[in-house]
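The structure appears right after this line, and notes come after that.
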Amino acid sequence: MLLNELLCISKVPPGTKHVDVDLSSIPPTTAMAILLYNRWAIRTIVKSSFPVKQVKPGPPQLNLKEQAADSILVLEGALKLNKDLYVHTIRTLDLLAMEPGMVNGETESSTAGLKISAEEIQCQVCYDLGAIYFQQGATNAALHENAKEKFFKTRELIAKIGSSSLHCTIDEERLAGYCQACGVLTSSDDDASQQATPYSQIDNCLKTGNYQDLVKIFLEDNLALSLPVQFRQSVQRELFQNALQGNDALEEVCFKICVCNTVRDILQGEIIDVQFCLLFLKPNKEKIDFLLEACSRSINLENASESLKRKMASFLKNLCLGLEDLQLVFMISSHDLFIKLLKDDERKLLIDEMRKRSPRINLCTKPVTSFYDIPASASVNIGQLEHQLILSVDPWRIRQILIELHGMTSERQFWTVSNKWEVPNVYGNVILGIKDNLTRDLVYILMAKGLHCSAIKDFVHAKQLFAACLELVTEFSPKLRQVMLNEMLLLDIYTHEAGPGANGERPPSDLISRVRGYLEMRVPDIPLRQVIAEECVAFLLNWRENEYLTMQVPLPLVQTNPYVKLGQLLAATCKELPGPKESRRTAKDLWEVVVQICSVSNQHKRGNDGRVSLIKHRESTGFLLISWECPSHFFFSFQEPLVLTTILSLFVKLHNVREDIVNDITAEYISIWPSSIPNLQSVDFEAVAVTVKELVNYALTINPNNHFWLIIQADIYFATNQYSAALHYYLQAGAICSDFFNKMVPPDVFTDQVIKRMIKCCSLLNCHTQVAILCQFLREVDYKTAFKALQEQNSHDAMDSYYEYIWDVTILEYLTYLHHKRGETDKRQIAIKAIGQTELNASNPEEVLQLAAQRRKKKFLQAMAKLYF
């Protein structure tokens with residue numbers, strides 16, 4: 001209707017055939033209206049040819065197909081126009097309403113409206129003509145040539161006007177598909193753009209029966225990986241269907257294509273196709289030869305990853321174990337690819353195993369009957385199903401396999417098939433108490449596979465497996481139902497932390513409510529895993545639910561759940577940081593709890609060898625017993641920076657109260673903790689030291705740019721005499737908070753203690769010139785240490801090359817004197833040149849002297865960073 005209105009407004013006489021109108025002789029807005037109408041007609045015809053869902057019947061539509069030929073002629077005529085056209089806008093329509101002659105060509109305003117360039121018009125018209133010709137090509141193949149011409153012309157015009165044109169919008173992905181389809185449907189030897197894509201090559205091979213080249217393309221694609229797996233399989237299915245229709249010549253081709261696809265599947269970690277197994281029931285020399293050729297041409301040993309090499313090696317090894325004809329085994333084991341992929345000991349073990357299986361068979365003789373001619377036994381079928389059971393993560397498929405296995409034998413416990421299937425002991429007793437064997441196996445395997453998928457962060461499959469298990473146990477066990485709900489809560493926490501949570505997105509309120517509900521749950525006799533309580537409390541801390549933990553959490557829950565108690569103390573401490581002295585009460589409570597956790601009582605126990613060994617037992621405090629070395633430790637679930645900083649500060653302080661500590665470690669908020677412990681001997685300081693190191697390493701994986709954490713790491717290296725590593729982290733902390741030393745390093749980062757430790761590191765590394773320069777960084781220049789360092793003649797740094805970084809005139813004067821005394825004329829001249837810089841003149845204003853010092857600090861620290869990073 002709107003297009004008809006546009007035609008009327010544009011002065012197109014009603015009843016006039018558009019094909020009879022000369023577009024070049026009418027006003028540009030009238031020509032544009034005719035073009036828009038006919039382009040719409042063509043597009044509607046093309047769109048109606050696509051299968052779509054039936055819609056409710058509406059008002060009757062024009063029979064556009066009858067006027068398709070006329071519309072095509074109109075658009076073809078439009079391609080001959082070599083001028084810009086104009087389309088009406090709101091402004092021109094308003095003008096037309098006031099003075100009809102103003103806009104339609106009678107005055108100088110005939111170009112009023114929105115200008116559409118000739119290239120943009122031709123581009124869109126070519127695309128529409130190409131689409132209608134392609135659609136009509138189904139009944140008239142010659143039209144595919146016309147479609148091809150139009151589409152390729154469209155592509156040229158897009159390249160000319162640019163794909164970001166405001167008035168020309170073409171679906172370039174669909175255009176590329178049209179061009180590719182036209183390339184396949186038409187044969188043009190002189191078309192430069194027809195640079196045979198793999199799809200067109202394969203189509204041509206299938207049409208001409210050139211199967212040798214077809215196999216070659218598939219082999220090359222095993223390296224290139226350009227063809228989708230589904231497309232390759234569709235070609236394989238088409239060949240097999242043709243072979244089934246009586247074309248015996250295709251049997252060899254079917255085998256080769258199937259081998260190519262199987263090798264591709266192996267390298268991508270997929271299961272071997274059943275079709276390959278059927279074709280390999282009766283192997284022979286020719287089949288083995290081609291299989292080895294396909295394997296060799298599908299992997300580049302120089303560039304291939306270790307994972308790809310092991311997959312190929314495993315396939316060849318299993319192939320040998322599945323062959324009875326030792327001649328064929330010898331063909332594989334003596335092949336160059338096999339020798340390169342398998343280690344010597346692996347090859348020897350394989351050969352020994354084959355010899356044990358057939359000790360009297362001569363390698364030069366052929367077996368009388370093939371093993372594969374004998375029907376498979378029940379044990380073989382069970383083994384195959386068990387193999388599928390191990391590999392599958394599809395709940396429905398796992399259930400079907402278990403039903404088949406239980407139908408074959410009732411004596412086996414199939415939950416024991418794989419020693420990798422592990423279920424926590426707290427759950428195992430309940431699951432193994434299920435009386436029905438099939439249900440017990442299914443519940444155990446679904447849970448074990450779900451836990452494994454969760455551990456390797458395959459959360460999609462884990463959720464499917466847990467959901468299937470929940471649906472199953474809901475029918476008969478409320479206890480197991482609650483277990484599965486708990487595990488699904490933990491999985492949802494992991495999924496959020498690894499997905500939206502990693503980008504800082506807060507969890508949905510529903511998830512927070514479920515976490516609170518789990519902690520407050522009071523259902524008797526429900527087996528509970530410790531890790532779920534840990535992760536729930538850590539989750540609330542990470543997302544700053546401090547109000548709930550400190551004010552709203554039920555008191556009985558705090559008294560009975562040690563994780564909630566610890567989380568409450570942490571939340572309260574974080575909430576009050578930084579605060580007045582009175583707020584240190586919660587910090588003291590948290591300190592006492594952690595000290596209790598770290599307390600041990602020593603008992604002596606005589607071992608089997610008669611010697612006395614020291615056994616450490618943690619005191620029964622009512623709190624969690626922490627395994628410090630375990631990476632899933634409660635504290636290592638924290639991701640919120642303030643929580644991490646607080647717990648790290650606490651453990652650093654606990655580490656520092658040790659009597660034999662020579663070098664303290666610094667940390668933020670360290671002053672809020674008590675400075676002593678009544679019974680030092682009761683604390684396991686070895687565990688504390690390990691915890692501090694592990695916590696810092698973990699914290700830096702969360703945020704490697706936290707300069708306070710970097711200073712802690714540096715202090716740890718300094719305390720353990722790893723001076724080069726300590727300098728690395730001191731400098732990294734300074735670089736991060738100063739834009740790589742282009743700004744001044746904040747004094748709370750490069751404190752006097754940090755500078756003194758950097759000086760000591762350089763001194764012990766025999767970098768004495770660096771020591772002298774760093775002495776200038778102190779609030780009070782340490783001339784004694786600087787002069788002593790400069791007296792050292794065996795320095796492992798750049799020595800006089802560093803003189804340009806010295807801004808203290810006293811140190812430069814001492815250097816001049818020292819080199820004169822030693823007769824080192826060249827070095828004395830370098831020192832004199834450095835002291836002669838006008839910006840170091842003592843008469844300069846303080847601002848000039850400060851600027852000179854800052855510039856030298858920057859250059860020196862950048863040079864140090866390049867040395868130690």
Side-chain angles (χ1 to χ4, degrees), residues 1-47 62-93 95-96 99-136 143 146-147 149-158 160-161 165-170:
M1 290 296 292
L2 290 174
L3 285 172
N4 283 326
E5 289 291 336
L6 181 62
L7 290 173
C8 292
I9 291 171
S10 301
K11 304 300 182 184
V12 178
T16 304
K17 280 196 169 186
H18 294 171
V19 71
D20 298 330
V21 177
D22 183 5
L23 297 179
S24 61
S25 63
I26 60 177
T29 50
T30 306
M32 194 65 187
I34 292 174
L35 271 183
L36 286 174
Y37 179 87
N38 288 281
R39 284 187 57 220
W40 166 78
I42 291 297
R43 288 197 168 199
T44 304
I45 293 168
V46 172
K47 190 175 181 181
L62 294 172
N63 191 356
L64 297 174
K65 292 184 180 179
E66 294 179 0
Q67 61 184 56
D70 288 349
S71 293
I72 290 172
L73 290 174
V74 170
L75 295 185
E76 288 284 6
L79 293 179
K80 298 174 184 177
L81 285 176
N82 194 19
K83 66 175 184 178
D84 302 337
L85 296 182
Y86 292 79
V87 66
H88 281 300
T89 63
I90 297 298
R91 189 183 67 83
T92 59
L93 290 173
L95 287 172
L96 191 63
E99 294 186 51
M102 286 292 290
V103 190
N104 224 37
E106 285 79 13
T107 70
E108 67 275 11
S109 301
S110 61
T111 57
L114 184 63
K115 178 182 175 181
I116 312 295
S117 69
E119 288 83 6
E120 289 176 317
I121 293 169
Q122 289 187 359
C123 182
Q124 296 178 83
V125 170
C126 280
Y127 181 81
D128 292 334
L129 284 171
I132 190 65
Y133 286 145
F134 188 90
Q135 187 251 340
Q136 293 177 347
L143 290 175
N146 292 348
E149 177 190 346
K150 301 303 180 190
F151 284 133
F152 279 51
K153 179 67 175 175
T154 304
R155 195 161 63 181
E156 290 174 12
L157 288 167
I158 288 175
K160 183 177 179 181
I161 64 178
S165 170
L166 290 175
H167 310 129
C168 179
T169 305
I170 301 292

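Numbers for residues simply follow the sequence, beginning at 1.
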Decide yes or no for [X] and [Y]: does some side-chain heavy atom of the first lie under 4.5 Å from some side-chain heavy atom of the second?
{"X": "Tyr127", "Y": "Arg43", "value": "yes"}
{"X": "Leu36", "Y": "Val87", "value": "yes"}
{"X": "Ile72", "Y": "Asn38", "value": "no"}
{"X": "Tyr86", "Y": "Met32", "value": "no"}
{"X": "Lys83", "Y": "Leu85", "value": "yes"}

What's the spacing between [X] [atom1] and [Y] [atom2] if we round to 0.5 Å?
{"X": "Gln124", "Y": "Thr154", "atom1": "CD", "atom2": "OG1", "result": "10.0 Å"}
{"X": "Cys126", "Y": "Glu119", "atom1": "SG", "atom2": "CD", "result": "11.5 Å"}
{"X": "Phe151", "Y": "Leu129", "atom1": "CZ", "atom2": "CG", "result": "9.5 Å"}
{"X": "Lys150", "Y": "Arg155", "atom1": "NZ", "atom2": "CZ", "result": "15.5 Å"}
{"X": "Ile34", "Y": "Leu75", "atom1": "CD1", "atom2": "CG", "result": "11.5 Å"}
{"X": "Leu35", "Y": "Thr30", "atom1": "CG", "atom2": "OG1", "result": "11.5 Å"}

Query raised in the report: Around atom CG of Asp22, are there more than 12 heavy atoms of other residues, nucleotides or ligands at under 6.0 Å?
Result: yes
If you take all heavy atoms of [X] and [Y], which pair is closest and at what distance?
{"X": "Ala68", "Y": "Ile42", "answer": "O-CD1, 4.2 Å"}
{"X": "Ala31", "Y": "Leu23", "answer": "CB-O, 4.0 Å"}
{"X": "Ala147", "Y": "Gly130", "answer": "CB-O, 3.5 Å"}

Query raised in the report: Within the distance-only criterion (no hydrogens, no angle test), does the side chain of Glu120 pair as donor or acceptor with the backbone N or O of Ser117 below 3.5 angstrom?
Result: yes
Query - Asp84 (side chain) donor-acceptor with Ala118 (main chain) under 3.5 angstrom - result: yes
